[in-house]
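Everything on this sheet refers to the single structure shown next.
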There are 2 protein chains.
Amino acid sequence: MINNFSTLPEAGENCPMVSFVNLISGKWAIPILYRLIVIDEPVRFSDLQRAVYPITQKELTRQLRQFESRQLVTRQVFAEVPPRVEYQITELGKSLRPTLDSLAQWMRENGEQLGK
Amino acid sequence: MINNFSTLPEAGENCPMVSFVNLISGKWAIPILYRLIVIDEPVRFSDLQRAVYPITQKELTRQLRQFESRQLVTRQVFAEVPPRVEYQITELGKSLRPTLDSLAQWMRENGEQLGK
DNA sequence: CAGGATCCCTACTGATACTG
DNA sequence: CAGTATCAGTAGGGATCCTG
């Protein structure tokens, strides 16, 4: 059969990219992960929000919860006043670094050409 | 100043990742581009839709228009009956291949650990 | 076949206000 | 400070009908 791309081994639901967008979903997912990877140390919520500007508080909270459940980020709460919560990228999360570095580099080289 | 990550050179709006998610947006963007890159030849609309299953017709159309405007994909219409329209990844689009291959490989290696 | 158009509905995203 | 609550808008999805 010719041109039956849908029967390729990794097409459709078996595509790693479809899995990716289903497991690591949301507009801000990549920018947040990349920022945590670059910082590579514990960051407070508000510091992180400023670094991923202009993300909203709600969205950052939601994404961090998602990453926590996926073992990509750790969350540590300190019993202090004022409250302090620190987020840090995990080893699993760090393993995304080469890929995300590559994506960042691609954007630096081609962002201009993409217009707008 | 300590922990002022928001003043890093590529933080916030200057982050290449924020640019990326603004220029190449939508849940299906990466799966579609990856599929077109792997196929690496002209594909008809309906073949592409089957290969990126389960994307809807509406969403595939919308994304392809976006990619066309960003010079990532070409669209060629044939004056035939029945009509034929073929989409193909551009050189600019292909330059994303190493990055997307890396992402796909990461998913193959770590998808299991991400759960669900 | 490749879409455009419509309706309808849910999920995601954002802005703002409020709380322990 | 680090959230939660609320409201509202936008994006995405499913189904159906239509046209060149």
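Chain letters run A, B, ... following the sequence lines, proteins first and then strands; every chain starts at 1. Just so we're clear, the structure is a prediction, and the values are computed from it rather than from any experiment.
Residues from residues 27-37 of chain A lying near DNA chain C, meaning a heavy-atom separation below 4.0 Å, are A:Lys27, A:Trp28 in numerical order. In the region residues 78-85 of chain B, proximity to DNA chain C at under 4.0 angstrom, judged on heavy atoms, holds for B:Pro82, B:Pro83, B:Val85. Of the residues in residues 49-60 of chain B, those lying under 4.0 Å from DNA chain C by heavy-atom distance are B:Gln57, B:Lys58.
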Give the table of side-chain donor-acceptor pairs shorter than 3.5 Å for residues 78-88 of chain A, with sequence neighbours excluded, one pair per line with atom names and distance.
unit_1, atom_1, unit_2, atom_2, d
A:Glu80, OE1, A:Arg84, NE, 3.2
A:Glu80, OE2, A:Arg84, NH2, 2.8
A:Arg84, NH1, A:Glu86, OE2, 2.9
A:Tyr87, OH, A:Arg75, NE, 3.2

Residues 23-42 of chain A side chain polar contacts: donor-acceptor under 3.5 Å, at least two apart:
unit_1, atom_1, unit_2, atom_2, d
A:Tyr34, OH, A:Arg108, NH2, 3.3
A:Arg35, NH2, B:Glu10, O, 2.6
A:Asp40, OD1, A:Lys94, NZ, 3.3

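Separating the CG atom in B:Asn14 from the CG atom in B:Leu8 is a distance of 11.0 Å, to the nearest 0.5 Å.
Applying the salt bridge (charged side-chain N to carboxylate O under 4.0 Å, His left out) test to pairs two or more places apart or on separate chains, those with a residue in residues 49-67 of chain B are B:Asp47-B:Arg50, B:Glu59-B:Arg62.
At the phosphate of C:dG3, neither OP1 nor OP2 sits under 4.0 Å from any side-chain N or O atom of B:Arg62.
By the side-chain hydrogen bond (donor to acceptor under 3.5 Å, both in side chains) test, A:Glu109 pairs with A:Gln105, sequence neighbours left out. In this structure, the side-chain hydrogen bond (donor to acceptor under 3.5 Å, both in side chains) partners of A:Thr99, at least two apart in sequence or on a different chain, are B:Ser102. The side chain to side chain contact (heavy atoms under 4.5 Å, CB included) test applied to A:Ser69 returns no partner, not counting sequence neighbours. Take A:Ser95 and apply the side-chain hydrogen bond (donor to acceptor under 3.5 Å, both in side chains) test, not counting sequence neighbours, and it matches B:Trp106. The side-chain hydrogen bond (donor to acceptor under 3.5 Å, both in side chains) search around A:Gln63 returns A:Gln66, not counting sequence neighbours.
Taking atom CD of residue B:Gln63 and atom C1' of nucleotide C:dA2, one finds them 18 Å apart after rounding to whole Å.
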A:Arg70 vs A:Leu92, side chain to side chain contact (heavy atoms under 4.5 Å, CB included): CA-CA, chis, key distance, verdict: CA-CA 9 Å; A:Arg70 301 262 182 252; A:Leu92 176 59; over 6 Å; no
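In summary, contact between chain B and DNA chain D, defined as any nucleotide atom under 4.0 Å from a heavy atom of the protein, begins and ends at D:dG12 to D:dG20 in the 5' to 3' direction.
Judged by distance alone, the side chain of B:Gln49 and the main-chain N or O of B:Ile55 form a donor-acceptor pair under 3.5 Å.
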